[in-house]
Each structure stands twice: as C-alpha cells, then as structure tokens.
Amino acid sequence: MAEGRVQLRTAADWDPVRLGVHPAPGPDGAMDLPLTEYLARPHDATLRRRLARAAETNQAALVLLVGRSASGKTRALYEAVAAVLPDWPVLFPADAEELTEWIEGEGIGPRTVLWLNETQRYLDGADGERAARALGRLLDRVAPLAVVGTMWPEHMRRLTARQNGPESAPHTLALLTGPHGMITVPDTLSGDAAAVDSAAVRDPRIAAAVRAAGSGQRVLQHLTAGPELVRRWEMGADQWYTATEHAVLTAAAEARRLGHVSAVPARLLMEAAAGFMDSTARATAGKEWFPDAIGALTATAGGPPPLIAERYEPGVGDPDSYRPDDYLEQHIRRVRAHRAPPAEFWSGACWARTADDVHALARSAEQRRRYASAVPLYERAVELGHLRARAALAVLRETTDGRAAAEETAATDPVAWAALAVSREAEGDGPGTYDAYRRAAESGDAWAWAAMARIREAEGDPAAADAVAARAAAAGEPLAWRTLGRMRAARGVPATEAFEQAADAGDGWGHVGLAQVAERSGDLATAVIHATRAAVAEIDSAWAALVRLYWVLGDRASARDAATSGADAGHPEGWSILARLRETAGDRSGAAAAHREAAALGVGAAWRELALLAESDGDGAAAEEAATQAARTGDPEAWTALAEAREEIGDDVGAAHAAAEAARAGDLDAWIMLARARENTGDTSGAEQAADLAAERGATDAWSALARMRERAGDREGSRRAVLRAAGLGAPDAWTALGRVREQLGDTQAAERAYVRGCEADDTEAYAALGALYLEQGRSAEARAAYRSAVDAGLPDAWEGLLSVLAAQAPRAVSARTVARLRTTGLPAAD
C-alpha cells in the first residue's frame, strides 16, 4: 500500500468508467465519448449533504446508494465526490482481501474517499466478514473519511438477513444496519422534466434515450443500452446471439444469481454453458465454440458488450473471468428466478473462484433440493478450506445418508457438531441433540456446554444441569451457569446460586443476574453492589442499571454520577435512562438536559427524544432544530417521529413538512406513513401525492400499501389503479401482497388473479401463494406446478408444500413412498 499511496488520484483524476460509471454510447455504438450531462435528482442533494457534513464536522461517514441496476448510483457518487470532496484522494481496492490489507496496514488516512462500488463484493463470505470488521474499526479511528458504495436491493436484503445460524456475519450486519447513510436511488428520471428536455436538446444520446423510454421515465437505462441488451437476449438462441453465445451469457448470469460474487471463471462458464444449449447446438458448436463466443460477447464495436472481461490471476495477460452487463444480469435474474439451472451448471459450479463462491452455490443447490448436486459442492468447499462447509455438509448428509454418515462427516469439527445439534433439536430428537452438543463441547465449542445444561434443566433434572455447568466452569466456560440462572429466574425458582457460580467463574454477567435477583426481592442495596461489580467487569448494561437503581433509591446525585461514569467508560446510554426517569417524574427540563448530555456523547436517539419532548411542549421550532441535529448525526427518524406526532393531532401541513425532511434525510418510510395516514382520512389525492414523492426517491411501497388499503375498504377500482402504479414503478411483490389481502377477505378468485399477475411480474413468492391456494381448492396438478416453481426459486417453505401435494395424490401408498424417497434424495439435478 505504501507504493500505492505515491500516486493518489482525486475523482477528477480517475477515469469514471474505471470507477464503474456506465458510459453512454453514441448513435454509431462508439464508446469513447465523454459522459453525458448529469441530471440531478432528489437523492443527489441528500448524498452531497452527507459528504459535506463528514468534511465539515471532521467525521467518518459510510454512505451506500441502494437501487436497481442502471439507476445511476455510481454516476451519482462520482459527481458528488467530485463536487463536494474535489481534493480528497479516491482509493479503489480490488476486492475484500486488498481492502483489509490496506486498512490493517494503516494505508488509509484522513481526508480520503474509499470507493466500494458494488459493495457486496467486499462483504461476502469469510473475506467479506473480515473486511467488514476492518471497515468498522477504520470508521472509528480515522476522520474525516468518506466510505462510499453502491448495492442492489437484493444484495442488501441478503446480507442483512444473515443474522443467525452458520451463515451469520455479525460485523457485516452491524456495518449495514448501523447508523450509516443508506440512500435509496430510483431508477426513473421523474423529476425536473424541463431539465431533461433541455439536456436532450444539447446531447443526441439523451434525446434518443428519452424517445426510447417513452412515458416509462427509465431514461438512464436506455442511455447505457441496457434495454437493447435485454431485447437481444430475449430473442433467444440463434437470433441476435448464436446458441453458444446465448448459453455462455445465460450461464454467467445464472452463476451470479445463484451465489458467485465476483466475475465467473472461464472454466465454470464452459462447463455450465452446455446445459443451456439444445442437442443440435452442442453437436454443431465446433472445437473453438467457447473462445469464439467469448470474443463475440466481449467485443465493443457495436456498443456496450453484454459480457465484461476481467483478470484475477496475478500479472498481466488474457482475461480469465467474465461477468454480464449489470442491467442484463438483473433482468436475467428476475425472469429466471423461479427456474433451477440444468445439471451441467451444478457440475460446472465446482470451478467457482473461491471457497465462499463454491459454498454459496452449494447452498443454492440445497435450497432448491438438488441434494445430489449440493453434496459434491460442499465437499469441494471443505477441500478449499471453507470454515462452515463441513457443518452444512454434515447436516445435509444426515438427511441423505443417515446419522452415521453425518457423524463421520462432522469428524472433530465443533461447528459441524453444533449444526447437527441444532438440526436434531428442530426435529425433536432429544437424545441425539444432547449427544451432538456433547461432541461439540468436547471438540471445543464453548456454547455447547450451555446448551447441554439448558436441555437437562428443561428435562426437569436440575442436578444433572448443575453437573454439566460445573464441568463447563472447570473447563473455563462459565456461560452454562449464567444460562441456568436465567432459566431459573424466569420460572421464579431460586437462581442465586447459579449466578454466584457464574460470577465466581469470572463471568461478569453473573453479577448482572445477581443484581436482578436482589432487585426483585427488594434488596436494592445489594443490587447496587452487584451492578457495580458488573460495571467493573466492563459489562455495558451495568451502568444503565446503576442509574436506574440509584434513582429508585432516591439518590439522584449517585444516579447522575453513574451516568457520567458510564459515559467516561464509553457507555453513554445511562444519560438516556436518566432522561426518561426525569420525564416520568415530571421534570421535563431535567429530562431535556439529560437528553442533551446523551446527544453530546453521541447517542443519536437522544436528538429524537428531544424533538418529541419539544413538540409535546408546543415548541415546534425547537423540535425541528433537534430533528435537524439528529439528521446531521445520520438519524432521520426524528423527522419521521415528528411527522407521526403531527399527523396524530391533525397538523397535515406540519406532518408533510416533517415527512419531506425525513425523506431528504434518507427515511423514505416517512412518505409511506404519510400516504397511509392521508388515505385513512379520506385524502385520496394527498395520499397519492405522498406515494409519488416516495416513488421519486426510490420507494414504491407506498403505492402497494395504498392498493391494500383500498382493497380492504372495498374500493376495487382504486386498488387496481394503485397496484398497477406500484408494479409499473418496479414493485413485483405488489400483486402478491394484494392477493393475500383478497384471500383474507374471502375472494379467492380475485386472489388467484392477483397471484397470477405476481407470477407474471417474476415475484417468486407468488408461486408459493398460488400453490397454497390451489392445494386448498384440491387443484393438485396446478398446485404441484406452482410449488415446483417456488422450490426451484429456493423458497424454504415451498418444499413442504410440494410434498403435501404429492402426498395427497392417488394412490396414497405410492404417494407416501414417493414423498419418503424425495425427503432423502431431493429432486434430480436434470429434472
């Protein structure tokens, strides 16, 4: 990194295409033209304010633009950085590993922009979790700093959904759900129409895009030729693309859809593409079919190529990996979302780039019940050193090959034994669960001891539970005693001894438990003693507990001292506790002062509380000032809370203003809330105006919500108009959500029509909903087809639905054998 710092480049020094900006080709397909004139939208002002605030207030800021492909995310970042931070160097790491090396090597200093275009590439898998941890530390220690990135909504949902289980990534989750600046970017130019028309006069590329977009307002996509690439792919094989070219392009998009994060290796594409060709194409392709297809797909002579070449091997040389154009990839993802790839794809998947990529593809195979394909992929991930692949393989082999095979696979891996325990517990296998936790503990899993103690306690054998906890403590793991203490306290039986054992074993949380036991018994003095010991043991929540305990004792000075000491130790939440206690006691000025202390110490929610406090006192100006301060800290919810409070008292103008400020600060839920509230009061036009404003900022949920509200109110025409608007704005789940409302209202025919429209909009959830509806109506063939599409989409609950359909078919004896077989074998890869 030291050498890399010699020639630092600002945004103006970078070629924007290198940073990921999509160029707009000329009428003749030329790609070497300058960027088109930038057309600002509402999110640009929010983005630039956040970057400016980081520089002005000496803060570190993480700003993520989230939106669909070709919505202008990267161009917006480029223009904002160039305008707001023109003299800051822009560092663009190649991948998660290089990002971590730069950070840990302290090669990223203040007044720097860290450019993370396609941020999911830096946060996926084990390398991504390490990078997220490093990023979190960087944001804590270096300022001013701007970390900027872009992400598709589906990647954001996927990365923030992994909260539990073997795929948990706590540092990634904390980074993406913390107080960062997530800004939603719409994929339309529904803003200043006059500015668009004026730009079209000056640039024929914009004029052509406006004409192609028509009333859809998706000008940006046409600027980068995205719809044209989609049209060519949709024509099918041996049309615009040859059969081999079409197959390679489809295989690349499928690999990315099913979990391959980076560009796809050539060997994987070559193996997988065969599955997307018919027998004639495979027989007539010729010996050089693959290099010929790659050459045609990566050529730039006719405009943007549908396939982008990259090189991952060290040194300079020929490309070794390829990824589809973003817009085309997102389209193929959507239209193939309910389809599983052919068998050749799964066999070729073993050539994925990294252990994380192989593991992700294995999980996709398992989720689609292609067990025979998932097993060798998990085995390959184990060979490559993936830390959790053995656990997933062990659990799957228990399904496919039985307990002995699963335990042989688990070997001495504590993660695998813990995964088997969790799986067996879900199946109700008590003895098997305990045995797996025991093997996990013996292999080094500290948490398994607590699970064993929990099981014995739940079985009504406290002596056996105590024996497990004692063994755990002797092994240096006091968690089991704390677990028993909590279980016993929750049941109202003596828990003191268990908490004392935990504390004696060095678990500071044991003192927290003892404090709670003492408080419940009314011995507040003893509770204070144990809370103090917990604070000394650096238990975060102990300081807040001390504030509350001293307050209840009537010792206001000590309560304040505890809040101060907690803040000095890095835990300022005690001031918020003190503020709420003062407000409950009627000391509103004291509450405000405590909230200000908390705000000054970095508790973002304190500004929101100050805003609501001032609003309830009738001081709207002070409330808005507090909400503005909250937004400056990255918390837009103070404005949303003000909007809700004003809506409740009928202050429509004030609520609209607060909702607008919340949206400007990044909280689009404010507009959705406002749309709902106005609809409830009969203000249809006002509701639709709020929904349009939300849509302009990238949120279509308001229109979908209006559709459901109107359906419940019996306004079928209004509901239809709203759902069409939502679907037209790119919300494929709007029809499915409406169908569920119709089903709840008993109108199954209308529900079916809505689910069918949802399927047509490529919403995979619609297939599962349709399958359940058909099954209930006894339409088994249709239910089977719908559930099969949902299974092929990887929906977890659809498998049991499909098996239920199969079990209900006649003759029942044959159906039962079929279901029993499928539970262990899954679906064939080639089916």
Quick one, Glu644 with Arg608, criterion salt bridge (Lys or Arg N to Asp or Glu O under 4.0 Å). Give me CA distance, side-chain angles, the key distance, then yes/no. CA-CA 12 Å; Glu644 292 172 344; Arg608 181 167 66 248; over 6 Å; no
Heavy-atom side-chain contact between [X] and [Y] under 4.5 Å:
X      : Y      : answer
Leu173 : Thr160 : yes
Ile529 : Leu514 : no
His43  : Thr184 : no
Val653 : Asp651 : yes
Leu387 : Val415 : no
Leu85  : Val90  : no
Leu479 : Trp449 : no
Leu135 : Leu62  : no

If you look at every heavy atom in [X] and [Y], which pair is closest and at what distance?
X      : Y      : value
Glu457 : Arg488 : OE1-NH2, 2.8 Å
Glu425 : Thr433 : N-OG1, 3.0 Å
Leu601 : Pro572 : CB-CB, 3.7 Å
Ser576 : Val603 : OG-CG1, 3.7 Å
Trp88  : Ala55  : CZ2-CB, 3.8 Å
Trp575 : Ala563 : NE1-O, 3.5 Å

Donor-acceptor check, side chain of [X] to backbone of [Y], threshold 3.5 angstrom: yes or no?
X      : Y      : result
Arg582 : Arg588 : no
Glu647 : Leu674 : no
Tyr122 : Pro93  : yes
Gln59  : Ala143 : no
Lys73  : Gly67  : yes

Quick one: pull up [atom1] in [X] and [atom2] in [Y] and give me the separation to the nearest 0.5 Å.
X      : Y      : atom1 : atom2 : answer
Arg130 : Glu101 : CZ    : CD    : 11.0 Å
Thr640 : Trp671 : OG1   : CH2   : 11.0 Å
Met156 : Thr150 : CE    : OG1   : 10.0 Å
Leu77  : Leu51  : CG    : CG    : 7.5 Å
Asp617 : Leu612 : CG    : CG    : 11.0 Å
Leu176 : His155 : CG    : NE2   : 12.5 Å

Taking it one step at a time, do Tyr437 and Ile455 satisfy side-chain contact (heavy atoms from CB on, under 4.5 Å)? CA-CA 10 Å; Tyr437 276 129; Ile455 290 171; 3.8 Å; yes
With His511, which of Arg533, Gln516, His530, Glu500 fulfils side chain to side chain donor-acceptor pair (under 3.5 Å)?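 Answer after filtering Arg533, Gln516, His530, Glu500: His530.
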Check this for me: [X], atom [atom1], are more than 12 non-hydrogen atoms of other residues, nucleotides or ligands nearer than 6.0 Å?
X      : atom1 : answer
Arg471 : CZ    : no
Arg454 : CZ    : yes
Glu497 : CD    : no

May I have the step-by-step check of side-chain contact (heavy atoms from CB on, under 4.5 Å) for Leu99 and Leu114, ending in yes or no? CA-CA 9 Å; Leu99 171 61; Leu114 189 54; 3.6 Å; yes
Looking at [Y] and [X], is there a salt bridge between them, counting it only when a charged N and a carboxylate O are closer than 4.0 Å?
X      : Y      : answer
Arg158 : Asp124 : yes
Arg646 : Glu624 : yes
Glu583 : Arg580 : no

I would like to know whether Arg111 and Asp87 meet salt bridge (Lys or Arg N to Asp or Glu O under 4.0 Å); could you show each step before the answer? CA-CA 9 Å; Arg111 298 180 61 80; Asp87 58 341; 3.2 Å; yes
Stepwise, does the side-chain contact (heavy atoms from CB on, under 4.5 Å) test hold for Tyr434 with Val468? CA-CA 11 Å; Tyr434 187 87; Val468 170; 3.5 Å; yes
For the pair Glu442 and Arg438, evaluate salt bridge (Lys or Arg N to Asp or Glu O under 4.0 Å) and give the outcome as yes or no after the intermediate values. CA-CA 6 Å; Glu442 292 171 353; Arg438 177 183 60 78; 3.0 Å; yes
Does Arg486 qualify as a cation-pi partner of Trp509, given the criterion of NZ or CZ under 6.0 Å from the six-membered ring centre and within 45 degrees of its axis?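 Ring-cation test returns yes.
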Does Leu91 form a side-chain contact (heavy atoms from CB on, under 4.5 Å) with Trp102? I'd like the steps, not just the answer. CA-CA 10 Å; Leu91 303 183; Trp102 287 5; 3.8 Å; yes
